[in-house]
Amino acid sequence: MNNNMNKDYKAQKERRKTREVMVGNIGIGGDNPVRAQTMTNTDTLDIAATVKQIIECAEAGAELVRVTAQTKRHARAIGEIKKALDKQGYDIPVIADIHFLPEAAFEALKYADKVRLNPGNLFDSPNTEKELSEEEYEKELKRVEESLTPFIQELKKFKKPIRIGANHGSLSGRILSKYGDTPEGMVESAMEYLRIFKKNDFNDIVVAMKASNPLVMIEANRLLVREMDKENMDYPVHLGVTESGSGEDGRAKSIIGIGTLLLEGIGDTVRVSLTESPAKEIPVCYSILQATRRRVTKTEFISCPSCGRTLFNIEKVADKIKKELGHLKGVTIAVMGCIVNGIGEMGDADFGYVGGKPGMINLYYKKELIKRDVPEDEAIKELIKLIKDKGMWEEKLKIKNYE
Ligand code: SF4
């Protein structure tokens, strides 16, 4: 339980340098914090339900939200959704998620703040199962370029950014015929699109490689970054593990996939996909960002697991402290069951709440004992007072005011 958190933070791998891509009023990449986003699961044509869900997500701290636009009608509905959000004072960017229908993509860019394209099934040939000769492959790719170019002109006209999001489960037949169902195939699928966009001098692009297997997702993203670097592409990267399920298992997959890459310096925006209501994905996004030190938005807690020496109900107390003091961005608080190991283990926490003797708590500031034998029922109040005395207290803000 040695805590070298601050040291680790300083030794942390630098975040990969990317360009800033503006999505509505929110910047992704560049010097912007790693953004938290989610996706609605309502019918986009049900404007009221979709708006309600987007507001729930925004209140939970989502900075961008994606909605599905499977037809032109759905794409147009995004215009209505944005108007309704605006009326209620929400300016969260809305992204259109497009598969299969190019006309939905053309329509969406009139209304949405960004359009997500799946290179596996848009402007390409998802059903081509047969093996292609080199010549046939190139011919197909040329056809993709011809279909994509007018869309790029429209993007420029409407000044909208895009995300190129390749999914392991929906690669085009053309890509599958050459690379198979592999991270290489995912990366090449996106790279082919990126080259076409770059050639047309369009660079407001975010890229994503998603898979339900975190290992595939991690490998694909590492490879993507290597390939983009080779071709001088500094596009921001969107991280996510798809179809990860729900509950602990779903969270574990996202934490492994997204967390590993963030630690390596890869990632400019994250989405945790859970088979739960979208607003529930947001606290997980922020916890991963906090744990990887890519974005500190709340109090950092250190607490011991408790053992036979524990002098108070640490689970209950730690929960209570978290509820009352969880909003102190950049402050580290240690809650330790006893002084035997507690003081050493709390390392470089700013404040320590440590069991001194039964019913009595000792309060520390930077390892220095400030108050001894505070009765347990007054200890949280005293801790807050100590934090205020040291000028590190702030009043609770709504979670969405994370900046
Ligand atoms: S009660 Fe003391 S010894 Fe036991 S886990 Fe907590 S800090 Fe360590």
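The chain is numbered in sequence order, starting from 1.
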Over all atoms of both residues, closest heavy-atom pair of I314 and C304: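 Shortest heavy-atom contact: CD1-SG, 3.5 Å.
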
Over all atoms of both residues, closest heavy-atom pair of I258 and M217: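 Smallest heavy-atom distance, with atoms named: N-CE, 4.0 Å.
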
Ignoring hydrogens and angles, tell me if any N or O in the side chain of [X] forms a donor-acceptor pair with the backbone of [Y] under 3.5 Å.
X	Y	value
N200	F197	no
E136	S133	yes
N167	G169	no
R295	V34	yes

First locate atom [atom1] of [X], then atom [atom2] of [Y], and finally report the distance between them rounded to the nearest 0.5 Å.
X	Y	atom1	atom2	answer
L45	R73	CG	CZ	5.0 Å
E184	L223	CD	CG	5.5 Å
Q37	I95	CD	CD1	4.5 Å
L64	R271	CG	CZ	12.0 Å
N25	D91	CG	CG	4.5 Å
L85	K52	CG	NZ	13.5 Å

Any ion pair linking [Y] and [X] (charged N to carboxylate O, less than 4.0 Å)?
X	Y	value
K110	E107	yes
E378	K381	no
D268	R15	yes
R143	E146	no
E80	K83	yes
R35	E63	yes
E188	R195	yes

How about [X] and [Y]: do any of their side-chain heavy atoms sit closer than 4.5 Å?
X	Y	result
N221	L239	yes
Q70	F100	no
Y235	V225	no
L289	T297	no
M22	D204	no
K329	T299	no
H168	K210	no
K72	L101	no

Check against salt bridge (charged side-chain N to carboxylate O under 4.0 Å, His left out), K157 and E154: CA-CA 5 Å; K157 190 170 114 194; E154 287 292 288; 3.6 Å; yes

From CA spacing to verdict: salt bridge (charged side-chain N to carboxylate O under 4.0 Å, His left out), E300, R293: CA-CA 10 Å; E300 185 63 38; R293 291 297 186 279; 3.3 Å; yes

Whether W393 and H327 hold their rings parallel, tilted or perpendicular, with breakpoints at 30° and 60°: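 Perpendicular.
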
Aromatic plane relationship, Y365 with F351 - under 30° parallel, 30 to 60° tilted, over 60° perpendicular: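 Geometry flag for Y365 against F351: tilted rings.
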
Between S287 and K298: side-chain donor-acceptor atoms closer than 3.5 Å: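 Yes.
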
Donor on one side chain, acceptor on other, T44 and T68, under 3.5 Å: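 Side chains of T44 and T68: no pair found under 3.5 Å.
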
Atom NZ of K198 with >12 non-hydrogen neighbours under 6.0 angstrom: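 Count over threshold, so yes.
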
Heavy atoms of other groups near R309 CZ, more than 12 under 6.0 Å: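 No, not enclosed.
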
Pair N121-S172, side-chain contact (heavy atoms from CB on, under 4.5 Å): steps then yes or no: CA-CA 6 Å; N121 60 27; S172 71; over 6 Å; no

Criterion salt bridge (charged side-chain N to carboxylate O under 4.0 Å, His left out) on R251 and E276, from CA distance to verdict: CA-CA 11 Å; R251 284 164 177 77; E276 297 177 24; 2.7 Å; yes

Geometric cation-pi criterion K178 and Y137, 6.0 Å radius, 45° cone: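 Yes, K178 lies over the aromatic ring of Y137.
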
Candidate pair D113 and K82, rule salt bridge (charged side-chain N to carboxylate O under 4.0 Å, His left out), full reasoning: CA-CA 9 Å; D113 295 291; K82 283 200 58 88; 2.5 Å; yes

F312/Y353 aromatic ring centres below 6.0 Å: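 Yes, they do, as the ring centres are separated by less than 6.0 Å.
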
